[in-house]
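Inspection log for the structure reproduced underneath, given as structure tokens.
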Protein chains: 2
Amino acid sequence: MENNSCIRQQADIKQINRCKETVSELNETFDYLANGLSLVGNSVRLKILYLLFEEKRLCVCDLSDILGMNISAISQHLRKMKDRNLLDTERDAQTIFYSLTPEYSILLNPFFEILDKNKVLETI
Amino acid sequence: MENNSCIRQQADIKQINRCKETVSELNETFDYLANGLSLVGNSVRLKILYLLFEEKRLCVCDLSDILGMNISAISQHLRKMKDRNLLDTERDAQTIFYSLTPEYSILLNPFFEILDKNKVLETI
DNA sequence: TTCTTATTTAAGCAAATACTAAAATAATAA
DNA sequence: TTATTATTTTAGTATTTGCTTAAATAAGAA
């Protein structure tokens, strides 16, 4: 930081201090939330999340076939989302099924609705 | 793609084809949405968005001071979000004020509520 | 036990991202 | 006009991310 003396003459010092307090109070929350959103902000992972929302559960192999991508690449995406609690797993013999955690299913619903709406529009 | 013949014996072919169709129909929508979410999925930008949600409008200089970051770095973040229509600008003499576009204010509201709730919790 | 199927993990690399520093633009004041 | 203030843009660099390939793990079948 070279130059944080840029503060405008007309700057609202009270406002700036209030904001600084907010940022320092919520710092970890910002990081945690941003990290979760960055996982959703990737088109491969967004597709996976939406497909799991629609189909309830899918395995790596299904997703690899659907998305036309390497199983390893998909597996690595799934791991990230599982580690961040976006996904649950359930084993059925050799097959591991992934599903959306209920919390993220709710939180991401507005985005899934956008996708649903677009789907209808494009089908007409 | 070396090996997309991984398909399980028990794979639900109908399900997989339905999913493939969904993905191909919505492909651009996925990309567009993911791109928007990737902008929100960065803690600096999430902070900026939340501060604009709370304060209605702020300039680069305010944000630079609040976040303790280089003006140039903030300006580059703001540009990305303006280009993707997350932000509006309004000039007041030499100062350029940024604000949230109404659409994204609504769409991001559930996340801002999480932040609001955490703020209250930590203040108690 | 060995073989097959399903999946994960590790290593390596290319592309994307975020930041710094310096130069450029733009509006106002002297 | 020149100087000041507010901001953006460009170029360079370090870090992060996403994918490929190959090796490792894990469960069931022969």
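A, B, ... follow the sequence lines: proteins, then strands. Residue 1 opens every chain.
A donor-acceptor pair is defined here as one N or O able to donate and one able to accept, closer than 3.5 Å; no such pair exists between the side chain of A/Ser105 and the backbone of A/Pro102. The main-chain N or O of B/Asp62 is never found under 3.5 Å from a side-chain atom of B/Asp65 such that the two would form a donor-acceptor pair. No donor-acceptor pair under 3.5 Å is formed between the side chain of B/Thr95 and the backbone N or O of B/Arg91.
Atom pair B/Ile96:CD1 and D/dT5:P shows a separation of 17 Å (rounding to whole Å applied). Distance, B/Phe97 CZ to D/dA6 P: 10 Å, rounded to whole Å. One atom, CZ of A/Arg91, and another, C1' of D/dA27, lie 6 Å apart when rounded to the nearest Å. Going from atom CG of A/Asp83 over to atom P of D/dT17 covers 13 Å, rounded to whole Å. Rounded to an integer number of Å, the gap from NZ of A/Lys82 to C1' of C/dT9 is 14 Å. When the P atom of D/dT21 is taken as reference, atom CD1 of A/Ile71 falls 13 Å away, rounded to whole Å. In this structure, CG of A/Asp92 is placed 14 Å from C1' of C/dT7, rounded to the nearest angstrom. A/Ile74 has its CD1 atom 10 Å from the P atom of D/dT20, to the nearest Å.
Counting non-hydrogen atoms under 4.0 angstrom, A/Lys80 reaches the backbone sugars and phosphates but no base. Contact annotation for B/Ala93: backbone-only contact, meaning every heavy-atom pair under 4.0 Å involves sugar-phosphate atoms and none involves a base.
Ring pair B/Tyr50/A/Phe30 is perpendicular by interplanar angle, where above 60° counts as perpendicular and below 30° as parallel.
Both the sub-6.0 Å distance and the 45° axial angle are not jointly satisfied by B/Arg84 relative to the ring of B/Tyr104.
Using a 4.0 Å cutoff on non-hydrogen atoms, the parts of residues 30-44 of chain B near DNA chain C are B/Asn42, B/Val44, ordered by number.
Closest contact between the side chain of A/Met69 and the listed nucleotides D/dC19, D/dA22, C/dT20 involves D/dC19. Taking every side-chain heavy atom of A/Asn70 into account, D/dT21 is the closest of D/dT7, D/dT10, D/dT21.
Counting distance only, with no hydrogens placed and no angle test, the side-chain atoms of A/Gln94 and the base atoms of C/dT5 include a donor-acceptor pair under 3.5 Å. Side-chain N/O atoms of A/Gln76 and base N/O atoms of C/dT7 include no donor-acceptor pair closer than 3.5 Å. One donor-acceptor pair, N or O on each side, does fall under 3.5 Å between the base of D/dT21 and the side chain of A/Ser72.
With no hydrogens or angles considered, a side-chain donor-acceptor pair links A/Glu113 and A/Asn109 at under 3.5 Å. For the 3.5 Å distance criterion, the side chains of B/Thr101 and B/Asp88 fail to qualify, holding no donor opposite an acceptor. Judged purely by distance below 3.5 Å, without hydrogens or angles, the side chains of A/Lys56 and A/Ser99 never pair a donor atom with an acceptor atom.
Neither OP1 nor OP2 of D/dT7 sits under 4.0 Å from any side-chain N or O of B/Arg79. Residue B/Tyr98 places at least one side-chain N or O closer than 4.0 Å to OP1 or OP2 of D/dT8. Applying the 4.0 Å criterion to OP1 and OP2 of C/dT17, one finds that B/His77 has every side-chain N and O outside that range.
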